[in-house]
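This chain uses plain numbering: 1 for the first residue, then up along the sequence.
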Amino acid sequence: MATAFLVRRTSTKFLFQPRFHSSSSSSASPFLPNLCSSLFRDSNFSNHAISVPSYSRSFVSAPESSLATALGTDTRVPATVITGFLGSGKTTLLNHILTSQHGKRIAVIENEFGEVDIDGSLVASHSSVAEDIVMVNNGCLCCTVRGDLVKMLLELAKNKRDKFDHIVIETTGLAKPAPVIETFCTDELVSRYVKLDGVVTLVDSKHAMQHLNEVKPRFVVNEAVEQVAYADRIIMNKIDLVSPDELEELTLKIKRINAMAQLKRAKFGDVDVDFVLGVGGYDLDRIDSQVEANTHKHETKHEHKGHDHHHHHHDHVHDSAVSSVSIVSEGLLDLDEVDDWLERLIEEKGEDLYRMKGVLSVKGYEQRYVFQGVHSILDGCPGKEWGPDEKRVNKLVFIGKNLDETALRKGFKGCLM
Ligand SMILES: Nc1nc2c(ncn2[C@@H]2O[C@H](COP(=O)(O)OP(=O)(O)OP(=O)(O)O)[C@@H](O)[C@H]2O)c(=O)[nH]1
């Protein structure tokens, strides 16, 4: 039976909380049995499933749901968030999804500013397969109408669940993805019925560079950068409007911000629907392969070096402050040290850590450990076993603002045996 752990900010100690106890692990680490006993104290479950301590915050893959996912019994409806700057092609992509042959029935939540839901009528007129198109007008999902989003998600998932297989949420071009993602992480009811499948960001290849480079006043978010940073999938759309050189430059720029997301180039949102739906961006059992694929992209590692923006700009924040750091290193990690390191990291930098994913080689464990996080909430569990001749390589990717690559590498090194 697998051992799983949960990292939370609210506890001061024992960030890695095992949810299941592995017999192979108990002798290897004195740390885990201690945790298990504290976690099992209010358990109603059998000996291989435990309840969540009352002080734990829920997460996208809520603890019970992680187990369900692992066992293939997760019946929550998957939801995909489509973001992208104004005019980047979100509605075009949505229409492509709704009119493609993929066999999935889709419910759509549209978010449009203003009285007239132009996008809504565009979608409706193009599609005969959308089971439900719900409009959220006069506000933005990430701010004023977030409560409406919760209501709609619950209405769809609880009362109309048998009518569709997937929910797609199209945000306004100016929406910040973080609060929408947070809705799935922190709303207990939502995370019980709906699981975030992924954030798909449309990029207007013609205008994105200008938006990404825009310098904002201090404390004002550059939405275009945030939308790229939080993405699990990025579609560089409108490639018919740019030269190959421009495209290459933009690709590098995007990868510098987000080294985790898979990227595809497209015209009129014409991508394989599998690239958008069913990506499992928050599924721990798929993180192994995601981190594997993305830490190979070493060109993204050092690219924010040389910028001086985080040294002396006091009244505005440059987008290059958002970047990715990838760590790839062989070796065995001490779980206690990792626990302390990540606890410190999220205490000090949680606000600035947008996304993180990792595959760890922990001393005493036959399985690799996988974790993923959004800001200060982390979730982790064991992944596949290491092969007998397999090199145990740790792979971690962090995306965030003002990341200190040197400090991250040093912190990681400190956890190696
Ligand atoms: N040339 C070109 N035009 C495109 C492409 N994709 C979309 N468009 C056009 O760009 C315009 C904006 O596309 P939408 O899909 O409405 O973009 P959106 O992101 O939903 O726009 P907002 O809701 O206003 O943020 C439309 O006129 C599309 O037909 C593309 O790949 N190439």
Roughly how far apart are [X] [atom1] and [Y] [atom2], rounded to 0.5 Å?
X: Cys415; Y: Leu332; atom1: SG; atom2: CG; value: 12.5 Å
X: His102; Y: Leu277; atom1: NE2; atom2: CG; value: 6.0 Å
X: Leu149; Y: Asp187; atom1: CG; atom2: CG; value: 9.0 Å
X: Ile257; Y: Asn222; atom1: CD1; atom2: CG; value: 8.0 Å
X: Lys413; Y: Ser329; atom1: NZ; atom2: OG; value: 8.0 Å
X: Lys264; Y: Ile239; atom1: NZ; atom2: CD1; value: 11.5 Å

Q: Can you label the angle between the His211 ring and the His207 ring as parallel, tilted or perpendicular, going by 30° and 60°?
A: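 Geometry flag for His207 against His211: tilted rings.
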Q: Measure the acute angle between the ring planes of Phe398 and Trp341, then classify it against the limits of 30° and 60° as parallel, tilted or perpendicular.
A: perpendicular
Q.
Tell me whether Glu249 at atom CD has more than 12 heavy atoms from other residues, nucleotides or ligands lying less than 6.0 Å away.
A. no
Q: Count the heavy atoms belonging to other residues, nucleotides or ligands that lie under 6.0 Å from CD of Glu330, then report whether that count exceeds 12.
A: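 Atom CD in Glu330 is crowded, with more than 12 foreign heavy atoms closer than 6.0 Å.
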**Q.** Intermediate values then yes/no, side-chain contact (heavy atoms from CB on, under 4.5 Å), Lys195 and Tyr282
**A.** CA-CA 8 Å; Lys195 70 171 173 187; Tyr282 292 80; over 6 Å; no
Q) Below 4.0 angstrom, N of the basic side chain to O of the carboxylate: do Lys163 and Glu155 qualify? A) no
Q) Are Asp404 and Lys410 close enough for a salt bridge, meaning some N to O gap below 4.0 Å? A)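 Between Lys410 and Asp404 there is no salt bridge, as every charged N stays at least 4.0 Å from the carboxylate O atoms.
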Q. Could you walk me through whether Tyr354 and Glu226 pass the side-chain contact (heavy atoms from CB on, under 4.5 Å) check?
A. CA-CA 9 Å; Tyr354 294 2; Glu226 303 269 310; 2.6 Å; yes
Side-chain contact test, heavy atoms from C-beta onward, threshold under 4.5 Å: evaluate it for [X] versus [Y] and give yes or no.
X: Leu189; Y: Val150; value: no
X: Lys384; Y: Arg368; value: yes
X: Leu360; Y: Leu396; value: yes
X: Gln227; Y: Pro177; value: yes
X: Leu335; Y: Tyr365; value: yes
X: Phe164; Y: Val77; value: yes
X: Phe184; Y: Val81; value: yes
X: Tyr193; Y: Lys158; value: yes

Q) With Asn394, which residues qualify under side chain to side chain donor-acceptor pair (under 3.5 Å), at least two apart? A) none
(Q) Test of understanding: with side chain to side chain donor-acceptor pair (under 3.5 Å), list the residues that count as partners of Glu246, not counting sequence neighbours. (A) Ser243
Q: Give the intermediate values and the outcome of side-chain contact (heavy atoms from CB on, under 4.5 Å) for residues Arg355 and Gln372.
A: CA-CA 7 Å; Arg355 293 284 279 132; Gln372 62 124 350; 3.1 Å; yes
Between [X] (side chain) and [Y] (backbone), is there a donor-acceptor pair under 3.5 Å?
X: Lys90; Y: Gly84; result: yes
X: Ser205; Y: Asn237; result: yes
X: Asp197; Y: Gly280; result: yes
X: Lys349; Y: Asn402; result: yes
X: Asn258; Y: Ala231; result: yes
X: Arg409; Y: Ile327; result: no
X: Glu170; Y: Val108; result: no
X: Arg233; Y: Gln262; result: no
X: Lys401; Y: Glu351; result: no
X: Thr92; Y: Gly269; result: no

Can you give me the closest heavy-atom contact between [X] and [Y], atom names plus distance?
X: Glu390; Y: Glu385; result: OE1-O, 4.2 Å
X: Leu202; Y: Ile82; result: CD2-CG2, 4.0 Å
X: Met260; Y: Met356; result: CE-CA, 3.6 Å
X: Ala229; Y: Val322; result: CB-CG1, 3.8 Å
X: Val203; Y: Ala208; result: CG1-CB, 3.4 Å
X: Asp352; Y: His375; result: N-ND1, 4.4 Å

Q.
Name the residue from Leu94, Leu153, Val199, Thr80 that meets the side chain to side chain contact (heavy atoms under 4.5 Å, CB included) definition with Ile169.
A. Leu153
Q. Taking Ile109 as the fixed residue, which of Val168, Thr171, Leu156 is the one that meets the side chain to side chain contact (heavy atoms under 4.5 Å, CB included) rule?
A. Leu156
Q: Go through the steps to decide whether Leu250 and Leu212 satisfy the test side-chain contact (heavy atoms from CB on, under 4.5 Å), and finish with yes or no.
A: CA-CA 10 Å; Leu250 180 62; Leu212 293 172; 4.0 Å; yes
